[in-house]
2 protein chains.
Amino acid sequence: MKVLSKGSVYALRALTYVVAHKGDIGFVNIGELSRSLDISFHFLTKIFQQLTQAGILESYRGPNGGIKLARPPQEIKVIEIVDVLEGPEFFNTCLLGLPGCGEFDPCPVHDFWKDAKAALREEFEETTLAELGKKVSDERLRIKP
Amino acid sequence: MKVLSKGSVYALRALTYVVAHKGDIGFVNIGELSRSLDISFHFLTKIFQQLTQAGILESYRGPNGGIKLARPPQEIKVIEIVDVLEGPEFFNTCLLGLPGCGEFDPCPVHDFWKDAKAALREEFEETTLAELGKKVSDERLRIKP
DNA sequence: CTGGTTTGAGACTTTCGAGTCTCAAAAAAC
DNA sequence: GTTTTTTGAGACTCGAAAGTCTCAAACCAG
Ligand code: SF4
Ligand code: SF4
């Protein structure tokens, strides 16, 4: 069962880590993040590039460069990150994956799956990076392997 | 978002189709199923082979051969099919996919994800092929592309 | 027995997400 | 200005899931 791609997972872990451990102290070095979280540096860089182009992050090159959140973490919702990295079809995919499916022409598991998808979307829409970061800081929840 | 592999999806669609359209009339030809549901014949055959070896289906070779349910559809639960085709790790995978994760050392999304997984498992455990087939027959729900 | 039909088994190919590598571009340090 | 550090962009490689193909085995009909 693969709900999120590696790209989304790495982005969420990395940004949660930034919020929890780096506060709001300017640009965070990608190499350091990659080492701390055991994520491939080049892969993480590519993921951040997408988020930068989408306006969720800002980046800066050269010494003391890195990435930082473009807005305060209280205002960045998980679903924004997922949208960028999974694409707009993410919440249209389905259990039985029939093409052109939907409310008007449903398959037998539609009723259940509709609710399950809505719950997931709601969770992503309600949760902000600040909340994830706070959980990690306060309760010492893990974000690293 | 890919919850089920193609194998599980094709198996569920095909067996639901059998229950809904073929009743209990002995062996159903795989070639006919493949054509009706627009699923690759060889791929569908491989999937059925796994289910046959697991004791969920019975097969018969030669003219008028095919596959049929080893037990009445009221007794076959969706989770049995998923277990065979997805393997035992299916319900252990996770949103953030951290290794060795679990209740005792959770990540920040654990509370939500635990419930979502439980709901999915419960749905698969409660639903039988007979129910899926009945929905398709009674309400003309679709199972084909 | 012979030939046709259908599933069984496994090798092979394709596709795509994931990960690696190389070089260019921007910025700072000197 | 030159060198060093860091992100940006894109080509390339790897591996697993998905799909195709070939032949063997079981079965029936005549
Ligand atoms: S009918 Fe509903 S549950 Fe079924 S594949 Fe379409 S959207 Fe998904
Ligand atoms: S801590 Fe819980 S939600 Fe997070 S990856 Fe592990 S099992 Fe999944």
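In what follows, every chain begins at residue 1, and chains take the letters A, B, ... in the order their sequences are listed.
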What nitrogen or oxygen pairs link the protein and nucleotides 28-30 of chain D at under 3.5 Å?
from	atom 1	to	atom 2	distance (Å)
D:dC28	OP1	B:Tyr60	OH	2.9

Atom pairs and distances, donor-acceptor, side-chain atoms in residues 70-80 of chain B, under 3.5 Å, two or more places apart:
from	atom 1	to	atom 2	distance (Å)
B:Arg71	NH1	B:Glu75	O	3.3
B:Arg71	NH2	B:Glu80	OE1	2.5
B:Glu80	OE2	B:Lys77	N	2.9

Check nucleotides 11-16 of chain C for protein N or O atoms closer than 3.5 Å to its own N or O atoms and list the pairs.
none

Separation of B:Lys2 atom NZ from C:dA18 atom C1', in whole Å? 12 Å

Considering only heavy side-chain atoms of A:Ser5, the closest of C:dA18, C:dT7, C:dT22 is C:dA18

With sequence neighbours excluded, tell me which residues meet salt bridge (charged side-chain N to carboxylate O under 4.0 Å, His left out) with B:Arg61. none

Taken in chain and number order and not counting sequence neighbours, the residues that satisfy side-chain contact (heavy atoms from CB on, under 4.5 Å) with A:Ala118 are none

Roughly how many Å is it from NZ in B:Lys68 to P in C:dT6, rounded to a whole number? 18 Å

A:Gln49 CD to D:dA9 P, in whole Å, measures 5 Å

Expressed in angstrom and rounded to an integer, what is the separation of A:Arg13 atom CZ from C:dA18 atom P? 14 Å

Between D:dT7 atom P and A:Phe27 atom CZ, what is the distance in whole Å? 11 Å

Salt bridge (charged side-chain N to carboxylate O under 4.0 Å, His left out) partners for B:Glu32, two or more places apart: B:Lys22

Between NE2 of A:His42 and P of D:dC14 the distance, given in whole Å, is 16 Å

N/O donor to acceptor pairs below 3.5 angstrom from side-chain atoms of residues 41-59 of chain A, sequence neighbours left out:
from	atom 1	to	atom 2	distance (Å)
A:Thr45	OG1	A:Phe41	O	2.8
A:Thr52	OG1	A:Phe48	O	2.8

Among the candidates C:dG19, C:dT7, D:dT20, find the nucleotide nearest to the side-chain atoms of B:Phe41. C:dT7

Whole angstrom value for the distance that separates P of D:dA9 from CZ of A:Phe48: 15 Å

Using a cut-off of strictly less than 4.0 Å, decide whether A:Ser59 has a side-chain nitrogen or oxygen near OP1 or OP2 of D:dT6. no

What pairs with A:Glu86 under side-chain contact (heavy atoms from CB on, under 4.5 Å), at least two apart in sequence or on another chain? A:Leu4, A:Ser5, A:Ser8, A:Val82, A:Phe90

Short N-O contact, A:Glu125 and A:Arg121, less than 4.0 angstrom: yes

Regarding A:Tyr10, tell me which of base, sugar-phosphate or nothing describes its non-hydrogen contacts under 4.0 Å with the strands shown. sugar-phosphate

Indicate whether OP1 or OP2 belonging to D:dT20 is found under 4.0 Å from a side-chain N or O atom of B:Ser40. yes

Any heavy-atom pair between the side chains of B:Asn29 and B:Ile67 that's under 4.5 Å? no

More than 12 non-hydrogen atoms from neighbouring residues, nucleotides or ligands closer than 6.0 Å to CG on A:Asn64, yes or no? no

Counterpart residues, side-chain contact (heavy atoms from CB on, under 4.5 Å), relative to B:Pro63 (two or more places apart): none

Kindly point out which of C:dA18, D:dC21, C:dC21 is positioned nearest to the side chain of A:Lys6? C:dA18

Distance below 4.0 Å between B:Gln53 side-chain N/O and C:dG8 OP1 or OP2: no

note: B:Ile47, atom CD1; D:dT20, atom P; distance rounded to Å ~ 11 Å

